[in-house]
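This report refers to the structure that appears directly beneath it.
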Amino acid sequence: MFSLNGRSALIAAAMILVALTIVVKLFFIQILDDTYKMSADSNSRRKEVQYPSRGLIFDRNGKLLVSNQAVYDLMIVKREVHNLDSAAFCRSLGIDMPTLRRLFANLQRDIRSRRASSYKPAVFIKQLSGEQYAVFQEKLHLFSGFYAQRRTLRKYEYPAAAHVLGYVGEVNDAIIRRNPYYEMGDYIGIGGIESSYEEQLRGSKGVKYYMVDVLGRNKGSFRDGEFDTLAVSGSNLTLSVDIDLQMYGEKLMEGKTGSIVAIKPQTGEVLAMISAPGYDPSLLVGRSRSVNFPLLSGDPAKPLFNRAIQAWYPPGSTFKTINALIGLQEGVITSETRYPCSMGYTVGRFHLGCHSHASPLDLRQSIQHSCNGYYCYVLRAILDNRKYESVCQSLDAWKDYLVKFGLGYRLGVDIANENRGFVPNSDYYTKNKGPRWTSLGVISLAIGQGELLLTPIQMANVAAIIANRGTFYTPHVVHKIEDSVIDDRYRTLHHTGIDPEYFDVVKDGMEMAVWSEWGGTARVARIDSVKICGKTGTAQNPHGKDHSIFMAFAPKDDPQIAIAVYVENAGFGASWAAPIASLMVEKFIRGGISPQRSYLEKRILETKLNADADRK
Amino acid sequence: MQTESNSYGRKGVDWWLVMIYILLVTFGWMNIYAANFNPETQVFFSVDAEYFKQLIWIGITALSAGIIMLIDSKFYVNASILLYVISMALLAVVLVVGKEVNGARSWFEVGFIRFQPAEVAKMSTALMVARIMSRYGFTFSLANSCKLGLVLMLPVLFILLQNDTGSALVYFVLLIPMYREGLSPLVLVVGMVGVVAAISSFLVESVYVQGVMLLLFAVAAFVAGLRRDLWVALLLCAASVGAMVMFFYVTGHDFMRWEYSLLGGTAVMSVFLLIRSFIKRLPVVRTMLVLLWVGMVASSATDYAFDNILSPHQRTRINVLFGVEEDLLGAGYNVNQSKIAIGSGGFAGKGFLQGTQTKFDFVPEQTTDFIFCTIGEEWGFVGSICVVALFAAFVVRMIVVAERQHSVFSRVYGYCVASVFFFHFAINISMTIGLAPVIGIPLPFFSYGGSSLWGFSILLFIFIKLDTNREELIR
């Protein structure tokens, strides 16, 4: 060696010492410790994943909605399969020879494409039912290289609320790459709360290692279970949804296209969320999903589409309530302000029509009669307010109010893929109409037409805001999570920044729309002894006949439910949406429909608007 | 095999280093091939597989090594500042535009090529350190120490911000060349005491750590010759701790009661011993007091930072890193699987391409951080110690070569290179066999990854080039 001084020798010696330590440790692991040894052809270690059972789901009254059913995946470790008696194998599984051959061919293909391996367990037959497995299990010891893996599938107790619940399916490659928790063949919630509460519902997987001999016989746990972990079951969820109300709503919407959303105003909890047409959630369980999913996704009526949070519609006349509130808050009108209207609003050559009613009207009456002319004055007063330098500024101020009402952005519902709706701002108009646009140019906003788009849940939330006199909790469908709490954002009160007393005026107007002796637009919504307040809407749209809309809450003095109903291409708000909403409210508050109103219920239930449309 | 060349001061290439390098790269490539090989597909060569890409990188690396050998040695001295500035800039830029891989935002991605600037930063920081320490009349003055500290801490800071703790730790190993050049060993000891105290405070309650440190201090002081003073000091300490605990108990002060009391007691004791050490002329006691306090403060600071500054997910990550929390899918899982794979290799291994654990089973990152599993499984104990021995020979040879340099620059740089390789090989292998926490740093020349292979190679070849001018004074 070259001459090293003290320090360099010390450094070199220290490095060699570390290397020796590593060698000693390697000696322990590789030579001394026998438990690690598994020569390729005698014993081998098998890893068995312990799948936790998924959390149960209950409705707000504690009724069980979703539970689990056990199925069994038949697993194969191909290189451990020896002398398979294929006739006996087929007999005990109840399959025929060609099927078995096809299964082996599939396995071979997967091994070639590296999706499976003959060294590792692979799924041979998915999801054998409990009965099938019981028969097979007695013979299992005859077939080396096979074993069964218990899995759980969802079981739906009611054929309802599919959009709220979502479904459970196998993970795909993209999910596996993104999240290391998941492995090939794991289940994951897709859509609805199955997806948004996946982490709470799924629990956590456990794993068990044991040794097997050449014949696949269990030789006991590996290293006394040192590496084993227990599976932890998922947490149970209690929804805020009332399953009876939900089912009733789905029944009312049968044969129609549209959505109902009902919210408990005090808490923001969703009582019912209906998207029609819907589907039976049991269609997407286990093996039947591969058959049913393409049928549903190919259906032109789009049953998989959750209209309650994903569809956007113009709000129509229901939006007049919001314009009234903004006008009051901005101080450009008072509850006593009267505007004339004779069959519409006319400025120069511009004319926006209205129906016949008394004139002039004050604010309450304008809501009662749903006067178009009145709201043209209101909107122009808001937009041409001298307080602001330009119409751009005042429009943006107007837009800011809407944002505080939860419009134009996602509300943050606990179901994924919510649509944000659309609220135009001044940039939007400057871009589309040129820089010289005026309040008259955007006058359709007065009556909830034009560029404005709302999702049904945003509309229901507006009803809840009016019921609450200006505040709301973000709507959500989960009431309680076992061993946990619901997210903070569902316990944070939002304020619209509009004084509570202004809401009383609007509430009066909505009450008069239903209860006034003369000229109320929503008289059909009356319920005996329940003071329901509502506002109709009829939205023109490019897809055909007008959408029928109704927004309501009840009872007036102590609101228990706020609701929005959209029936696509059905006509006036008063003809379909209003009766449906009032039946829902009656069902929720009174528990049933009074005999005097059964004619109405019958009419709704028996009318299939879609069949109508098909004939035309 | 060293041959005298014609020009003055030119020596041949150090073939020992080159031979070991070639052996390591070849064996490394074979293992990447083995880790990717699947006997079921019957495909022996595929152009889109990792081993093919690695082959291309080996080519690029050979080319770069050749270029390095052609450049004049003085270039590395002169360009060291510029190289350092450039690589720090790259580290800063990657924070903004970098691509995140495994939670660390430390990669540039251009087309299909991914490149980690931290790989170059090691080389340029080593050159920078060598340059500072090779100035004429260099001593570890305060100014120089600060300068060196800054040069080290800058890349560490950037890399920590990239969330790549493992790569940041590498830089601390550059204290070894400083030690060689005369840095007081006390700095190393102080650093080590601090690190050990901090890490153990993650693992157990800091009170216990501090108790153990007090005990060690007492033993050391006893050995140093303190007798009666020590007893008095310990009594004083115990009395103060008792008094303070009582006081806190009476006042109802509950938070960190024992921690504060222990610190207080230690302070009383230290003041007493400090005075006595001057009287009895025992400076070694003062050194020991410094060490004790470094440990105490590191331990308390760690505790405080852990509970009050770090966010919960950072806490979990650190807990997992040190094995306090069992993370099934993270670090703990990897180590279990990798020990099983290495252990299954036995004495002679299962043979090339015959491994089952590393191919089909569970070892994650099996071609990158955990490539040693393939070696352990397929080549057994024999292969494993060959690799360890090769690396040990590699770094020791580097130290020998560094010692024969006439210029300080080359020597310091050589020590830097040896230390970096030592750290990587020792920590990487240790983490696969459960001797060190899993901090995710590659095994040089073995782990899959072109930019890592390339980075380690230029690090080495600059040294080999400098060595050819070993009898010159390059400055």
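Just so we're on the same page: letters track the sequence lines, and every chain starts at 1. Only a predicted model underlies this, so the values are computations on that prediction, with no experimental measurement involved. Values below: every heavy atom of this structure, side chains too, minus hydrogens, waters and symmetry copies.
Looking at B/Y179, both its backbone and its side chain come within 4.5 Å of chain A, counting heavy atoms on both sides. Both the backbone and the side chain of B/I176 come within contact range of chain A, judged by heavy atoms closer than 4.5 Å. Contacts of B/L183 with chain A are made by backbone atoms alone, with heavy-atom separations under 4.5 Å and no side-chain atom involved. For B/F372, the part lying near chain A is the side chain, with the backbone staying farther off; criterion is any non-hydrogen pair under 4.5 Å. Within the 4.5 angstrom heavy-atom criterion, only side-chain atoms of B/I429, from C-beta onward, approach chain A.
More than 12 heavy-atom neighbours from other residues, nucleotides or ligands sit within 6.0 angstrom of CD on A/E482. Heavy atoms of other residues, nucleotides or ligands lying less than 6.0 angstrom from NZ of A/K480 number 12 at most.
Taking both residues in full, the closest heavy atoms of B/I399 and A/I11 are given as CD1-CG2, 3.9 Å, listed atom of the first, atom of the second, then distance. Between A/M15 and B/A418 the shortest heavy-atom distance is CE-O, 4.3 Å. In plain terms, the two heavy atoms of B/I433 and A/K25 that are nearest each other are O-CE, 3.0 Å.
Scanning residues 382-391 of chain B against chain A with a 4.5 Å non-hydrogen threshold yields B/S384, B/I385, B/V388, sorted by number.
Annotation: maximal heavy-atom pairing with chain B below 4.5 Å, among A/L26, A/V23, A/V18, A/L20, occurs at A/L26.
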